Amino acid sequence: TRKFLRLAMKKEKSDNQQEKLQAAEHYLQAILQCLKEGKNESDDEVTGIMYKLGDLYFSVGNNNEAISIYERAFLPYGNPQTFEKLDGKTKLRAIGVAHKLGELYANNMDLSNAQYYFEWATKVLMESAQNIPPKISNGPLRPLDSIKPPEWATNQDLAITFEALARIYQRQEKPHMALVVYLRALQIVEKETGGWSLFGPSKTDQIWCRRAIISNNVADCLVNQGKLNEALSWAKRANEFAKKPKDQLLCAECENSTIFNIGTILEMKSEFNEAIQNYNQVIDSSTVSYEQAQLARQKLANLVEKKSKNAEKK
């Protein structure tokens with residue numbers, strides 16, 4: 001097994017596509033060797049190799065093979081009675097596999113299957129009772145105060161899962177469902193305490209940035225429900241959060257996104273002059289990405305043309 005793993009990891013580092021495919025073959029050989037030695041597919045060593053293989057397939061653009069491997073890794077966790085008997089570490093691993101599958105299906109534009117796996121992860125984290133059904137119901141979710149993650153998980157695990165599920169609902173154009181789940185994620189994040197990190201941004205800065213991102217998504221959901229005044233309030237709130245981190249580059253992309261969203265909402269409210277100011281602010285930002293700047297320029301050009309036509313009519 002170690003021999004095959006060494007060969008796989010060596011080939012995987014290559015920029016050559018053919019060698020990467022050879023690495024995949026070596027990972028498969030390592031899995032087969034483990035099974036020959038009497039291990040089963042739910043053992044740490046085997047699932048660890050499956051994760052490496054799934055990630056490798058994803059890196060070379062083979063989403064279907066990646067999905068196939070991760071579904072194989074997920075198979076031991078699908079039975080609720082079996083799942084309940086697993087230890088906390090293994091349950092968290094199952095949550096991770098479900099997240100991987102949700103992301104891969106989302107990348108494949110198969111949002112129905114992505115929803116299934118993120119709902120499964122959410123249900124498992126929300127429920128501490130035995131006999132957890134593998135699929136969440138379509139009924140209303142319980143109030144946040146009654147939701148406590150099991151002892152083997154954290155609030156952070158729950159918040160990340162909520163966010164992932166909400167993004168899928170948002171892409172499915174289900175703003176009402178996305179809004180509920182985003183608000184739950186935000187409530188959990190707001191309870192997080194700050195602190196300093198020896199490496200990278202402080203935890204306090206990261207919390208501000210996450211609050212900004214989720215609040216901005218809440219604003220988008222409200223726009224899709226036609227609640228423009230509420231959406232504008234949330235977009236402005238997101239902008240304030242994005243300005244909080246001491247590391248100004250940490251949340252720069254989100255800050256520009258909130259400014260753009262405020263401009264879009266103002267335009268929808270026919271407050272054109274204010275909208276133009278926001279689009280110009282995005283374009284003039286020193287931290288704006290090329291894509292953000294181009295989008296703002298397009299919106300600005302369209303709005304200026306709209307104003308001109310309205311003036312001619314008058």
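In this text the structure is predicted, and so the values were computed from the model without any measurement. By convention here, the first residue in the shown sequence is residue 1.
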Pair Glu12-Lys52, salt bridge (charged side-chain N to carboxylate O under 4.0 Å, His left out): steps then yes or no: CA-CA 10 Å; Glu12 187 176 4; Lys52 288 180 178 294; over 6 Å; no
Nearest heavy-atom neighbours spanning Val223 and Ala231: CG2-CB, 3.5 Å
Any chance you could measure Asn239, atom CG, to Cys254, atom SG, to the nearest 0.5 Å? 8.5 Å
Arg210 and side-chain contact (heavy atoms from CB on, under 4.5 Å): which single residue from Ile160, Leu186, Asp205 fits? Ile160
Working to the nearest 0.5 Å, report the span between CD1 of Ile188 and CD1 of Ile214. 9.0 Å
Taking only Lys NZ, Arg NE, NH1 and NH2, and the carboxylate oxygens of Asp or Glu, determine whether Arg237 and Glu190 approach each other closer than 4.0 Å. yes
More than 12 non-hydrogen atoms from neighbouring residues, nucleotides or ligands closer than 6.0 Å to NZ on Lys236, yes or no? no
In terms of ring plane angle, is the pair Tyr117 and Phe74 parallel, tilted or perpendicular, where the classes change at 30° and 60°? perpendicular
Any side-chain heavy-atom pair of Trp152 and Lys89 under 4.5 Å: no
So for atom CD, which belongs to Gln33, do other residues, nucleotides or ligands contribute more than 12 heavy atoms lying within a distance under 6.0 Å? yes
Report yes if some heavy atom in the side chain of Asp43 is under 4.5 Å from a heavy atom in the side chain of Asn40; otherwise report no. yes
Quiz question: by atom type and distance under 3.5 Å, do the side chains of Thr264 and Asn261 form a donor-acceptor pair? no
Any idea which heavy atoms bring Tyr77 and Trp120 closest together, and the distance? O-CZ2, 3.8 Å
CG of Asn63 to OG of Ser68, rounded to nearest 0.5 Å, is 12.0 Å
Give the minimum heavy-atom separation between Ala275 and Gly263, together with the two atoms involved. CB-O, 3.3 Å
Consider side-chain contact (heavy atoms from CB on, under 4.5 Å). Of Val180, Val181, Leu179, Leu183, which one does Cys221 pass it with? Leu179
Strictly below 4.0 Å, N to O, side chains only: are Lys100 and Asp55 in salt-bridge contact? yes
Just by modelled atom types, is the Glu253 backbone N or O under 3.5 Å from a matching donor or acceptor in the Ser257 side chain? no
Given the rule in the side-chain contact (heavy atoms from CB on, under 4.5 Å) test, do Cys34 and Ile31 qualify, once you have shown the distances and angles that lead to the verdict? CA-CA 5 Å; Cys34 285; Ile31 292 170; 5.7 Å; no
Any chance you could lay out the side-chain contact (heavy atoms from CB on, under 4.5 Å) test for Glu119 and Leu165, step after step, and finish with the verdict? CA-CA 7 Å; Glu119 283 185 339; Leu165 177 58; 3.5 Å; yes
Tell me whether Glu19 is salt-bridged to Lys10, with the criterion being a basic N under 4.0 Å from an acidic carboxylate O. no
For Met9 and Leu5: C-alpha separation, side-chain torsions, deciding distance, then whether side-chain contact (heavy atoms from CB on, under 4.5 Å) applies. CA-CA 6 Å; Met9 288 186 281; Leu5 287 176; 4.2 Å; yes
Glu65 and Tyr70: side-chain donor and acceptor closer than 3.5 Å? no
Just by distance, no angles: are the side chains of Asn229 and Lys269 close enough, under 3.5 Å, to form a donor-acceptor pair? yes
Thr258 and Asn216 side chains, donor-acceptor separation under 3.5 Å: no
Indicate, with yes or no, if Leu86 and Val97 share a hydrophobic cluster defined by side-chain heavy-atom contacts under 4.5 Å among Ile, Leu, Val, Met, Phe, Trp and Tyr. yes
Between Gln172 and Gln115, is any side-chain donor less than 3.5 angstrom from a side-chain acceptor? yes
So, taking the atom named CG in Leu232 and the one named CD1 in Ile262, what distance separates them when rounded to the nearest 0.5 Å? 6.5 Å
side-chain contact (heavy atoms from CB on, under 4.5 Å) for Lys91 and Glu84? Distances and angles first, verdict last. CA-CA 8 Å; Lys91 288 178 178 178; Glu84 189 59 29; 3.9 Å; yes
Salt-bridge present (Glu255, Lys243; N to O < 4.0 Å): no
Write down the atom of Phe58, the atom of Ala66, and the distance for their closest heavy-atom approach. N-CB, 4.0 Å
Please check if the distance between the ring centroids of Tyr279 and Phe260 is under 6.0 Å. yes
Spell out, yes or no, whether Val124 and Tyr105 are grouped together once hydrophobic residues are joined by side-chain heavy atoms under 4.5 Å, including indirect joins. yes
Do the side chains of Leu222 and Met268 join up, straight or via other hydrophobic residues, at under 4.5 Å, putting them in one cluster? no
Are any of the side-chain heavy atoms of Lys11 and Leu21 separated by less than 4.5 Å? no
On a heavy-atom basis, which atom in Ile283 and which in Leu300 lie closest, and how many Å separate them? CD1-CD2, 3.8 Å
Within the distance-only criterion (no hydrogens, no angle test), does the side chain of Asp110 pair as donor or acceptor with the backbone N or O of Ala106 below 3.5 angstrom? no
Applying a strict under-4.5 Å side-chain criterion to I, L, V, M, F, W and Y, I'd like to know whether Phe162 and Tyr116 cluster together. yes
Would Asn64 and Asn108 count as having a side-chain donor-acceptor pair, cut-off 3.5 Å? yes
In this structure, would Val218 and Leu266 fall into the same cluster of hydrophobic residues linked by side-chain contacts under 4.5 Å? no
Kindly indicate whether the side chain of Thr47, heavy atoms from C-beta on, has any atom under 4.5 Å from the side chain of Glu41. no
Can you measure from CG (Asn280) to CD1 (Ile259) and round to the nearest 0.5 angstrom? 11.5 Å
Spacing of Glu71 atom CD and Leu75 atom CG [to the nearest 0.5 Å]: 9.0 Å
Atom NZ of Lys244 with >12 non-hydrogen neighbours under 6.0 angstrom: no
Would a 4.5 Å heavy-atom cut-off, applied to side chains only, mark Leu53 and Leu28 as touching? yes
Between the side chains of Asn278 and Glu274, is a donor N or O closer than 3.5 angstrom to an acceptor N or O? no
Between Gln170 and Arg167, is there a side-chain donor-acceptor contact under 3.5 Å, judged purely by atom types and distance? no
All heavy atoms of Ile168 vs all of Leu111, minimum pair found to be CG2-O, 3.8 Å
